[in-house]
Amino acid sequence: MAAPRKRSPAIQRLQLRIELRQARNRCAMTQRQVAKAMEWSPSKLLRIEAGEVGISINDLRLLLRLYSISDESEVERLLELARGSRKMPFVEYRDIYAQHFLDFLAMESSAFVTRSFQPLAVPGLLQTKEYAAEIIRVYSADGFSEQQRERMLEGRMLRQETLERDDAEVYFVLDEAVLRRQVGGPGVMRAQLRRLAELAAHPRRQIMILPFSCGLLASQGPFTLFEFDEGLRPFVYLENLQGPASVSTEEEEFVKYLALFWELEERSIKGDRVPSILLRIAEHIDHEPHDFRMPPQD
């Protein structure tokens, strides 16, 4: 029998902070009221609930008592989350990545099933170095130095080690616009399309194409669903280009987006056709675009 996988510290901290925030809301207490009752500075509770710092076992016991959580098994479960969340991955990038993106990296590196819909750009796990560099150049804030952007690129490439895991499955639905938009110019995009064709041939990495001809979409933007084999709830991660992303562990929310993903999957081109389509687009990238449901015109 295979040994059980070690639980991710990042996921345990994320799960703990979500549950602590929910417990405080059930008690109808503000952060200021909790901080006063615990004799903490307000910033300490803010940082715990934001996942920026961990919480000691003694502090957690007192906090759970304040929240009227007394069931022994529930207390021990939450204490175990705190014990297991002390060593965090990607901490060396905390100065350049927002907390919500660090949360995303934690989920991405730990999930055993990932489902992602991307209508705008190739997802980070699948990007070539040159494509990723252009994305970072366009989307990173003006305040970042060239050295910081290089570290962003380093971190983005490091993420792709997730694809080498034998115990993880990933499913991507890419809108046709992702494949047509020439990020970084024809040369960069040609290499990116060839990389996608290579990745699409792997049995545990399913890349699907949602064609223009399928019509309007129910989704308003990119989203990713994460499932774990660690007794943790699944996560819904909703990207927001205008501000912090939204993360939810509510079962109803997850079921809604899972049904949406399955609908997108049903309407997508998939299987053995995908690599050949990607290579065809790469071959004709310098020519007039054509619908890949039709043969290219001479």
Side-chain angles (χ1 to χ4, degrees), residues 8 10-11 14 88-141 144 148-165 168-175 177-184 188-200 202 204-210 219 221-227 235-247 257 261 264 274 278:
S8 161
I11 290 298
L14 179 59
M88 300 286 288
F90 294 100
V91 291
E92 64 270 33
Y93 300 102
R94 185 175 291 169
D95 61 319
I96 55 174
Y97 287 149
Q99 184 60 47
H100 68 84
F101 189 64
L102 290 173
D103 291 343
F104 178 85
L105 296 180
M107 292 182 280
E108 182 180 76
S109 64
S110 306
F112 81 95
V113 177
T114 299
R115 297 179 177 89
S116 179
F117 170 60
Q118 293 294 334
L120 302 173
V122 173
L125 282 181
L126 308 180
Q127 292 173 3
T128 64
K129 187 174 183 179
E130 293 74 19
Y131 186 103
E134 180 66 7
I135 291 290
I136 289 170
R137 184 190 70 80
V138 172
Y139 285 103
S140 60
F144 287 110
Q148 288 175 314
R149 288 192 174 95
E150 288 177 3
R151 290 181 59 226
M152 289 180 183
L153 182 59
E154 174 188 84
R156 187 163 297 221
M157 295 298 100
L158 184 63
R159 290 168 55 191
Q160 297 186 1
E161 293 181 359
T162 296
L163 294 175
E164 305 304 320
R165 287 169 46 201
E169 297 180 11
V170 289
Y171 302 86
F172 298 97
V173 173
L174 308 183
D175 191 271
V178 172
L179 311 178
R180 300 296 188 185
R181 183 172 292 107
Q182 293 188 13
V183 174
V188 171
M189 197 64 205
R190 184 181 296 107
Q192 178 64 75
L193 290 165
R194 289 172 177 166
R195 173 62 173 161
L196 288 175
E198 176 187 340
L199 292 170
H202 194 284
R204 297 180 74 87
R205 306 176 197 134
Q206 294 195 31
I207 297 176
M208 295 161 275
I209 303 170
L210 188 69
S219 173
F223 65 89
T224 303
L225 307 177
F226 296 107
E227 294 182 58
F235 284 77
V236 179
Y237 185 92
L238 305 178
E239 296 184 37
N240 180 7
L241 295 179
Q242 303 302 318
S246 170
V247 179
Y257 277 93
F261 188 86
L264 295 169
V274 172
L278 292 167

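Reckoned from all heavy atoms, side chains included, excluding hydrogens, waters and symmetry mates. The model shown is predicted, which means the values in this text are computed figures rather than measured ones.
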Report task. Look at the side chain of Arg159 and the backbone N and O of Leu105, then say whether any donor-acceptor pair between them is shorter than 3.5 Å. Result -> no
Query raised in the report: Looking at Ala111 and Ala168, what are the two nearest heavy atoms and their distance?
Result: O-CB, 3.9 Å
Query raised in the report: In Å, rounded to the nearest 0.5 Å, how long is the span from CD of Glu169 to CD of Glu227?
Result: 9.5 Å
Query raised in the report: Looking only at heavy atoms, which two atoms of Met157 and Thr128 are closest? And how far apart?
Result: CE-O, 4.1 Å
Query raised in the report: Is the shortest heavy-atom distance from the side chain of Leu174 to the side chain of Pro123 under 4.5 Å?
Result: yes
Requested in this report: Could you pull out the closest heavy-atom pair between Leu153 and Ala132, with the gap in Å?
Outcome: CD1-CB, 3.6 Å
Query raised in the report: Under the side-chain hydrogen bond (donor to acceptor under 3.5 Å, both in side chains) test, which residues partner Tyr237, sequence neighbours left out?
Result: His100
Report summary line: Looking only at heavy atoms, the pair that brings Val183 and Val188 closest together is O-CG1, 3.4 Å
Query raised in the report: Hey, what do you get for CG (Leu179) to CE (Met189), rounding to the nearest 0.5 Å?
Result: 6.0 Å
**Report entry** By side chain to side chain contact (heavy atoms under 4.5 Å, CB included) - contacts of Ala191 (at least two apart)
**Finding:** none
Report summary line: Separation between CG (Leu126) and CZ (Phe172), nearest 0.5 Å, reads 4.0 Å
Report task. Quick one: closest heavy-atom pair of Ile135 and Ala121, and the distance? Result -> CD1-CB, 4.1 Å
Requested in this report: Taking side-chain hydrogen bond (donor to acceptor under 3.5 Å, both in side chains) as the test, write out the residues that go with Glu154, two or more places apart.
Outcome: Tyr93
Query raised in the report: Can any side-chain N or O of Gln127 pair as donor or acceptor with the backbone N or O of Val122 at less than 3.5 Å?
Result: yes
Query raised in the report: Do Gln192 and Glu130 touch side chain to side chain, with heavy atoms closer than 4.5 Å?
Result: no
Requested in this report: Mind checking the OH-CG spacing from Tyr257 to Leu238? Nearest 0.5 Å is all I need.
Outcome: 4.5 Å
Requested in this report: For Leu210 and Phe117, run side-chain contact (heavy atoms from CB on, under 4.5 Å): C-alpha distance rounded to whole Å, both residues' side-chain angles, the deciding distance at 0.1 Å, then the answer.
Outcome: CA-CA 10 Å; Leu210 188 69; Phe117 170 60; 4.0 Å; yes
Requested in this report: For the pair Arg181 (side chain) and Leu120 (backbone), establish whether a donor and an acceptor sit closer than 3.5 Å, ignoring hydrogens and angles.
Outcome: yes
Query - With sequence neighbours excluded, residues passing salt bridge (charged side-chain N to carboxylate O under 4.0 Å, His left out) with Arg194 - result: none
**Report entry** Stepwise side-chain contact (heavy atoms from CB on, under 4.5 Å) check, Arg115 with Phe223
**Finding:** CA-CA 8 Å; Arg115 297 179 177 89; Phe223 65 89; over 6 Å; no
Report task. Please test Leu196 against Val274 for side-chain contact (heavy atoms from CB on, under 4.5 Å), starting from the C-alpha separation and ending with a verdict. Result -> CA-CA 9 Å; Leu196 288 175; Val274 172; over 6 Å; no
**Report entry** Nearest-0.5 Å distance that lies between atom CD1 in Ile96 and atom CZ in Arg151
**Finding:** 4.5 Å
Query raised in the report: Of all residues at least two apart in sequence or in a different chain, which pass the side chain to side chain contact (heavy atoms under 4.5 Å, CB included) check with Arg137?
Result: Glu134
Query raised in the report: If you round to the nearest 0.5 Å, how far is CZ of Phe144 from CE of Met152?
Result: 3.5 Å
**Report entry** Set of residues satisfying side chain to side chain contact (heavy atoms under 4.5 Å, CB included) with respect to Thr162, sequence neighbours excluded
**Finding:** Ser109, Leu125, Arg165
Query raised in the report: Given Gln118 and Thr224, is the side-chain contact (heavy atoms from CB on, under 4.5 Å) satisfied, shown in steps?
Result: CA-CA 9 Å; Gln118 293 294 334; Thr224 303; 4.2 Å; yes
Query - Minimum heavy-atom distance Gly124-Arg156, with the two atoms named - result: O-CG, 4.3 Å
